[in-house]
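Let me begin by presenting the structure, written as structure tokens, before commenting on it.
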Amino acid sequence: MSTKGKVLMAMSGGIDSTVAALMLHNEGFEVVGITMKTWDYATSGGKTNKETGCCNIDSFNDARMAAVQHGFPHFILDIRNEFGDFVVNNFVDEYMAGRTPNPCILCNTHIKWRALSKRADALGCDFIATGHYAQIHQHSNGRYFVRKGIDETKDQSYVLWGLQQDLLSRTLLPLGTYRKTEIRQMATDFGYPDLAKKNESYEICFVPDNDYRGFLKRKVEGLEEKVSGGFFVDKTGKILGPHKGYPFYTVGQRKGLDIALGKPAFVTKIIPESNTIVLGDEEDLKGSELTVKGINWVKYDGVSDGMEALTKIRYKDKGALSNLSAYENGLKVRFYEKVKGIAPGQSAVFYEDNDVIGGGIIQRN
């Protein structure tokens, strides 16, 4: 009889979630494995017919096999409707609004964790668990918060800023205090040497061939005609030449612009209202402030004006010291030194040492 409680473990079939499930099983938890099918790759219209990431049928089988071999149940949960209506539509809408979305964060926050929590209740599970490299702690103020995983190269705290207190309070993250090399060794020790060598997918699961432009064209009828006739301009407004349509570009982009200016050029701003793309040099990508809305507070229930925090503006960003203050139902973030590549639609996540204070979505200024 389990003494530690019953846990619903999200299993993708990859090394991280498989090892996490087996760790919890060995620690005395009553584990129930669940694999979520979020997307039907065959309907995406890609050039290849290969499912990837969390929707790979081979991964489904790998997850089920591990559960069967270790004597705990496993289910497949179809959340394609929940996922598609919310995550995919948001992905398209954000590009059409001239922003650069991060669908994985949206999926974690609004789909996967909520789906897990709902099914955990139905199955009588006390906890939910995933294979993310991060930690969850409880502050003396009673609030639960996310802390960085000890493996800086794998830390995934950035993508978990949107989890609310009811979800954090019942979430277990077994890998947060381990390094990836240790997890690979554990996979071998558990009898899965092939899994230990398995490559990881970093592509967006619903975008075939990692071609988001082609995906947008298939999702928005007549998109190329709707956004034709736009121009590249410099920061003074001088027209530099035509482009293919504003949704097909992202802030910071340098390659694939198909315009010759005699020097490297970067997308520094997207103006959907006029179908305009502003180009500049690398220095023009740097900014000293941004605004954030859609904030979820994690470690505290808010912050006082003038609080200092390390702010990360993308997943692999090291972060920069900043000052936070209230601003139009959101936050103004002022950096002490300029940062590169502030992209509306991406997440800004605030840290106090290794702890996530909160996060939100970067707005267009």
Side-chain angles (χ1 to χ4, degrees), residues 2-39 41 50-77 104 107-108 112-113 115-116 119-120 125 127-136 146-160 171-205 315-316 354:
S2 172
T3 58
K4 289 197 171 184
K6 189 173 181 180
V7 56
L8 185 64
M9 177 74 220
M11 300 179 68
S12 68
I15 178 174
D16 296 328
S17 59
T18 300
V19 170
L22 300 184
M23 288 170 65
L24 291 172
H25 179 67
N26 285 357
E27 289 172 14
F29 287 92
E30 183 183 350
V31 176
V32 178
I34 192 165
T35 301
M36 291 177 280
K37 183 170 181 63
T38 57
W39 187 252
Y41 199 92
K50 181 182 69 174
E51 292 188 313
T52 61
C54 55
C55 295
N56 185 330
I57 190 64
D58 291 333
S59 293
F60 289 0
N61 292 334
D62 290 343
R64 183 182 293 278
M65 183 67 69
V68 169
Q69 289 175 342
H70 291 268
F72 57 86
H74 174 269
F75 301 95
I76 293 176
L77 177 63
C104 296
C107 180
N108 281 334
K112 285 187 175 179
W113 251 265
L116 284 172
R119 275 67 180 195
C125 294
F127 307 102
I128 55 181
T130 74
H132 285 83
Y133 285 83
Q135 306 175 62
I136 294 176
V146 180
R147 177 172 290 168
K148 288 182 180 180
I150 66 166
D151 189 338
E152 285 280 352
T153 65
K154 294 298 297 179
D155 169 54
Q156 292 172 298
S157 59
Y158 174 85
V159 302
L160 303 179
T171 297
L172 303 177
L173 302 177
L175 306 189
T177 56
Y178 293 88
R179 301 188 182 281
K180 182 72 176 196
T181 52
E182 296 175 290
I183 299 306
R184 290 195 184 280
Q185 184 58 53
M186 284 188 196
T188 300
D189 294 342
F190 278 127
Y192 300 99
D194 292 338
L195 190 61
K197 301 172 185 175
K198 191 174 182 179
N199 291 329
E200 297 173 285
S201 173
Y202 296 99
E203 297 178 0
I204 298 172
C205 66
Y315 176 50
K316 288 298 185 181
N354 292 319

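Here Asp151 contributes atom CG and Leu175 contributes atom CG; the two are 10.5 Å apart, rounded to the nearest 0.5 Å. Distance OG/Ser17 to CE/Met11: 6.0 Å, rounded to 0.5 Å. Note that CG of Asn26 is 10.0 Å distant from CE of Met186, once rounded to the nearest 0.5 Å. Atom CG of Leu77 is separated from atom NZ of Lys112 by 11.5 Å, given to the nearest 0.5 angstrom. Arg147 CZ to Ile136 CD1: the interatomic distance, rounded to the nearest 0.5 Å, is 11.5 Å. For the atom pair Cys125 SG and Glu30 CD, the distance stands at 7.5 Å (nearest 0.5 Å).
Taking each heavy atom of Thr130 and Ala10 in turn, the nearest pair found is CG2-CB, 4.3 Å. Minimum heavy-atom separation, Ala21 to Met9: CB-CG, 3.6 Å. Lys37 and Phe60 make their closest contact through CB-CZ, 3.8 Å (heavy atoms, listed as atom of the first residue, atom of the second, distance). Here the closest non-hydrogen pair linking Pro193 and Thr188 is CA-OG1, 4.2 Å. Looking at every heavy atom in both residues, Gln135 comes nearest to Thr177 through OE1-CG2, 3.6 Å. Minimum heavy-atom separation, Val7 to Ile128: CG2-C, 4.0 Å.
In this structure, the side chains of Lys180 and Thr153 stay at 4.5 Å or more apart for every pair of heavy atoms. Put simply, the side chain of Leu172 reaches to within 4.5 Å of the side chain of Phe29, judged on heavy atoms. Considering only heavy atoms from C-beta on, Arg184 comes within 4.5 Å of Ile15 through its side chain. Contact annotation: the side chain of Phe127 never approaches that of Lys4 to less than 4.5 Å [non-hydrogen atoms, C-beta and beyond]. When side chains are defined from C-beta on, Gln69 counts as touching Tyr192, because their heavy atoms get closer than 4.5 Å. A 4.5 Å side-chain heavy-atom check between Val19 and Tyr178 finds every atom pair outside the cut-off. At least one side-chain heavy atom of Leu195 sits less than 4.5 Å from a side-chain heavy atom of Thr18. Looking at heavy atoms from C-beta onward, His132 lies in side-chain contact with Asn108 at the 4.5 angstrom threshold.
In this structure a side-chain-to-backbone donor-acceptor pair under 3.5 Å is missing from Ser157 to Val146. Side chain of His70 to main chain of His25: no donor-acceptor pair is present (N/O by atom type, distance under 3.5 Å, no hydrogens or angles).
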Inset, instruction - Check the pair Arg64, Thr35 against side chain to side chain contact (heavy atoms under 4.5 Å, CB included), reporting the backbone distance first and the verdict last. - result: CA-CA 8 Å; Arg64 183 182 293 278; Thr35 301; over 6 Å; no

Legend entry - CA sep, side-chain torsions, deciding dist, call: Arg179, Tyr133, side chain to side chain contact (heavy atoms under 4.5 Å, CB included): CA-CA 8 Å; Arg179 301 188 182 281; Tyr133 285 83; over 6 Å; no

Inset, instruction - Please test Leu173 against Leu160 for side chain to side chain contact (heavy atoms under 4.5 Å, CB included), starting from the C-alpha separation and ending with a verdict. - result: CA-CA 11 Å; Leu173 302 177; Leu160 303 179; 4.1 Å; yes

